[in-house]
Amino acid sequence: MEKAKGDVETLRGFVGRDQDLRAVPRFSLYEVMLYRTNLYTHSHRVAALTRAINPLAAAVFGASYDSRKAELMAYVHDDAELVFGDIQAGNKSRMTTAQLQRVKETEMQAIKTITQRFPESVEDYSYRQLLEEAAQHSSLEAQVVCYADKYDALGEALHEVYAGNHHFTTNVVNEYGRIPTPPEYYADYFQTFGTKFPRMQPLLAAPFAMFEPVSRKDYSLVTKQGELHSRESLTLPTGDHHYDNWRAIIVNDTNDEVQSAL
């Protein structure tokens, strides 16, 4: 299989980065994850999802949108987490304004630290600027990457649900309170995405599979019928539009390592 567009070659000079990304697991709220992902697989999936959005974004936004910048930003958007770890979205949803501000300050400091370790540029783009824009959602490209980032998280969660992992449909209770399950959280998140990022509204209004409404339903019923995935089952439709769409993009436009994690 050919490497996916913009694959590892772009970041060849970032010595040790891929290895370190593989060492940071995602969804640490859940002790049981049948297909545990890490920052390496996640960043490649987000890049693939960003590539899926890019042609439409370029058509809607014109010269004000840089598709290559968005793709590269997708690859590096979580690099600061090599310094401060993966802060769970579910926890953030229950944090106070002051707690969220401290998380943001920690993230910005981590960007300063990580950019001292790696080269200043990714192709013709400032590495630090890519990270800062992604963290602050301050550009159209960053907002597209944010959408792709959350879409991948939804896909990761549904991958567990359809494999029968009931933990992903069970609310965790911790120091922040009762945490929404991932399917609950992302259904609500996408419902308000256009309000949070008004500049994205013309893009979200365009007919496109990834922008269709994300339904909120009782996925606990799905887990009861779930089975571990196989090479054959990954090709069979589940009837869940967003999960099937996510899975198809990952299978068709990521490298062998990322696909093998499914």
Side-chain angles (χ1 to χ4, degrees), residues 2 4-7 41-75 77 89 93 130 133-134 136-162 180-219 222 229 233-254 258-259 262:
E2 294 182 359
K5 294 172 286 185
D7 206 352
T41 52
H42 172 63
S43 66
H44 280 255
R45 289 172 174 180
V46 175
L49 294 164
T50 299
R51 283 193 292 273
I53 298 172
N54 270 343
L56 182 58
V60 170
F61 296 127
S64 62
Y65 185 79
D66 185 337
S67 294
R68 184 57 174 164
K69 177 183 176 182
E71 181 180 357
L72 295 175
M73 187 183 295
Y75 277 112
H77 76 284
S93 74
L130 290 175
E133 286 187 20
Q136 297 168 343
H137 307 128
S138 57
S139 63
L140 287 170
E141 294 84 4
Q143 291 172 18
V144 166
V145 170
C146 179
Y147 192 97
D149 176 39
K150 299 303 187 291
Y151 199 85
D152 185 52
L154 172 65
E156 290 172 314
L158 294 181
H159 201 55
E160 293 293 308
V161 168
Y162 279 91
T181 67
E184 289 172 342
Y185 174 83
Y186 290 108
D188 290 346
Y189 187 92
F190 285 116
Q191 187 174 13
T192 61
F193 194 88
T195 301
K196 185 175 182 179
F197 301 115
R199 296 172 68 193
M200 285 282 285
Q201 290 178 7
L203 177 61
L204 298 176
F208 187 61
M210 289 176 67
F211 300 151
E212 292 186 9
V214 176
S215 62
R216 181 167 180 166
K217 62 183 182 182
D218 185 359
Y219 277 103
V222 177
H229 304 298
S233 72
L234 291 175
T235 66
L236 301 176
T238 64
D240 191 311
H241 167 77
H242 287 293
Y243 174 59
D244 290 350
N245 184 56
W246 170 83
R247 196 176 56 180
I249 292 171
I250 303 310
V251 167
N252 291 323
D253 195 24
T254 60
V258 177
Q259 290 181 36
L262 290 173

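In this text, all values refer to a predicted model and were calculated from it rather than measured experimentally. Computed from heavy atoms alone, side chains included, the values below leave out hydrogens, waters and symmetry copies. Counting from 1, the numbers follow the sequence of the chain as shown.
In this view, E212 and H241, H242 satisfy the side-chain contact (heavy atoms from CB on, under 4.5 Å) rule, not counting sequence neighbours. Applying the side-chain contact (heavy atoms from CB on, under 4.5 Å) test to A205 and every residue at least two apart in sequence or in another chain returns nothing. Listed by chain and number, the residues in a side chain to side chain donor-acceptor pair (under 3.5 Å) with E160 are N165 (sequence neighbours excluded). The salt bridge (Lys or Arg N to Asp or Glu O under 4.0 Å) search around R199 returns none, not counting sequence neighbours. Residues that satisfy the side-chain contact (heavy atoms from CB on, under 4.5 Å) test with A134, not counting sequence neighbours, are M73, H77. Among residues two or more places apart in sequence or in another chain, the side-chain contact (heavy atoms from CB on, under 4.5 Å) test is passed with T238 by Y162, D240, Y243, D244, R247.
When side chains are defined from C-beta on, R216 does not count as touching Q191, because their heavy atoms never get closer than 4.5 Å.
Atom CG of L262 and atom CD of E156 lie 10.0 Å apart (nearest 0.5 Å). T254 contributes atom OG1, which lies 10.5 Å from atom CD1 of I249 (distance to the nearest 0.5 angstrom).
Across every non-hydrogen atom of V145 and A70, the tightest pair is CG2-O, 3.3 Å.
A donor-acceptor pair is defined here as one N or O able to donate and one able to accept, closer than 3.5 Å; such a pair exists between the side chain of R51 and the backbone of D253. Side-chain atoms of E141 come within 3.5 Å of backbone atoms of D66 as a donor-acceptor pair (strictly under, hydrogens ignored). The backbone N or O of S138 sits nowhere less than 3.5 Å from a side-chain atom of E133 that would complete a donor-acceptor pair. At distances below 3.5 Å, not a single donor-acceptor pair connects side-chain atoms of E71 with backbone N or O atoms of T50. Checked by atom type and distance alone, the side chain of N252 pairs as donor or acceptor with a backbone atom of A248 at under 3.5 Å.
In the displayed structure, Q136 atom CD is contacted under 6.0 Å by more than 12 heavy atoms of other residues, nucleotides or ligands.
Using cut-offs of 30° and 60° on the angle between ring planes, the pair H229 and H159 is parallel. Using the six-membered ring where Trp is involved, Y147 and Y151 have ring planes that are parallel, under 30° apart on the 30 and 60° scheme.
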